[in-house]
Amino acid sequence: MHFLGLLGDNFTLPFVLKSCADLSRVCMGRCVHGQGLRVGLEGDFYVGASLIDMYVKCGVIGDARKLFDKMIVRDMASWNALIAGYMKEGEIGVAEDLFERMEHRNIVSWTAMISGYTQNGFAEQALGLFDEMLQDGSEMKPNWVTIVSVLPACAQSAALERGRRIHDFANGIGLHLNSSVQTALAGMYAKCYSLVEARCCFDMIAQNGKNLIAWNTMITAYASHGCGVEAVSIFENMLRAGVQPDAVTFMGLLSGCSHSGLIDAGLNHFNDMGTIHSVEPRVEHYACVVDLLGRAGRLVEAKELISQMPMQAGPSVWGALLAACRSHRNLEIAELAARRLFVLEPDNSGNYVLLSNLYAEAGMWEEVKKLRALLKYQGMKKSPGCSWIEINGKSHLFMGADKSHPQAKEIYKFLEALPEKIKMAGYIPDTSFVLHDISEEEKEYNLTTHSEKLAIAFGLLNTRPGVVLRVTKNLRICGDCHAATKFISKIYEREIIVRDLNRFHCFKDGSCSCGDYW
DNA sequence: GTAGGGTTAG
């Protein structure tokens, strides 16, 4: 068009800029910017907002801001684009400031703030703003994008009741046939423990309306709940429906196979990725397969796979190998993996702890001492563990050794009596998870104060018999807590579901859905 | 015609 001497007008430029934004072609974007100035379009609202959006999506927020500050008249789209840009960069404060300063806000402004909060992990703020938006007298009308933006906040904080209310609300505004909303709902229910409700939402989507993201959501949902067979089967449905899988699909599929011990199926799908489906395996896929082999105890094969990787093995790959060495007590390969990890991620204390645990089990106290000294010297701390539980729609949070809860006294009394009770059923405290130079008794006491135990105790004390407990932890569940919870589920006849950083553990009648295979 | 969106391991 340019070649033919046609300049383009205020209608042409926004489309070109949108393409620049989608392709991150900032040089081309700047060209179009210059072109706009030459033909006197700098005052056009659409061109202005599109330029800001282009700079934001190309990752040069500074340029977006410069332009914004230079503009004499700005419409809401420019403000909204800039707010979204700052949220994308994690500059929450700046985004909040802009939002406050806006004279008029529309639903896009509110939605940009809400999604910005959820994408930065500020679930409380997202839910708070959603409520504020709906306060009496407000004329804001949430639409499907708003709903899709707020649901991940429920998922993050495992707020099932809250999610159900938003589900009702979405139905109330006629969104029950919106496939993006149903996909977001499925993801929310899956992360809030309710696989059945997740499946219901997925099934609400018409067969020909199920896109890649919908399928990925359901595959990942099954995988995280340890339902590998279902994950594989839904993957096959996806292929039958003619939807091309992508890298995310295989992350779900491979981790599902891994968590369920479907070794051969996992390896076959991994081999088919590039050849049949044209999805080239990435580092994270290799990490999944290392995990898959590692869990099965095939550590040598896992090591060999790493050496054959077509790209550099990252921390995730060596981390999976080290974790597998911990469960299968292979010191030799563990040392190899740990050496690489100490270089690749020197600040990750978890790696030092894992190796130290292995040394401790092997009785190699000199090595344990050296590692602990190193940890101390580098001033590293384990990131603080916390767990929370939702009861009657209210969330209760516990840090490790937390005594701040109003019912703390009762909870600690319960937990102090607990070991004797479950020891009779066969529980043996595993103090290798305690990383302090203290006596065995102190270590055992230390175990009883883990945040997940506090949350479970609180749940048992505050719900009627038979009620399912749902506990969420910000880290991986501790091995001793895992063992203890199995006994608790039997003795107190309770189903207890723990969502940790990696997956769901459903404790029932003395065993866990992960089959101790985590 | 512009701005806000759901899926990703250990």
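A quick note: this is a predicted structure, and the numbers were derived from the prediction, not measured. Here is how names work: the chains are called A, B, and so on, in the same order as the sequence lines, proteins then strands, and each is numbered from 1.
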So is the aromatic ring of A:W79 stacked onto the base of B:dA3, judging by whether the centres are under 5.5 Å apart and the planes are under 30° apart? no

Using OP1 and OP2 only, check whether a side-chain N or O of [X] sits under 4.0 Å from [N].
X: A:K191; N: B:dT8; result: yes
X: A:S115; N: B:dG5; result: yes
X: A:R295; N: B:dG10; result: yes
X: A:H259; N: B:dG10; result: yes

From the set [options], return the single nucleotide nearest to any side-chain atom of [X].
X: A:A112; options: B:dA3, B:dG10, B:dG4; answer: B:dG4
X: A:K57; options: B:dG5, B:dA3, B:dT2; answer: B:dA3
X: A:Q119; options: B:dG5, B:dG10, B:dT2; answer: B:dG5
X: A:P14; options: B:dG10, B:dT7, B:dG1; answer: B:dG1
X: A:K18; options: B:dT2, B:dG10, B:dT7; answer: B:dT2
X: A:S180; options: B:dT7, B:dG6, B:dG10; answer: B:dG6

Check whether the ring centres of A:F270 and A:F250 lie less than 6.0 Å apart, and answer yes or no. no

Taking the six-membered ring where the residue is Trp, are the ring centres of A:W215 and A:F202 under 6.0 Å apart? yes

Here the distance between atom C1' of B:dG4 and atom CD1 of A:I107, to the nearest Å, is 9 Å

Base of B:dG4 paired with side chain of A:N106 (donor-acceptor, under 3.5 Å): no

Using 4.0 Å as the upper bound for N to carboxylate O, is an ion pair formed by A:D63 and A:R30? yes

Using 4.0 Å as the upper bound for N to carboxylate O, is an ion pair formed by A:K57 and A:D53? yes

Across the strands shown, which category fits A:W110 at heavy-atom distances under 4.0 angstrom: base, sugar-phosphate, nothing? nothing

So A:S50, base contact, sugar-phosphate only, or nothing? Heavy-atom distance under 4.0 Å. sugar-phosphate

Do A:S19 and A:D22 pair up side chain to side chain, a donor and an acceptor below 3.5 Å, judged on atom types alone? no

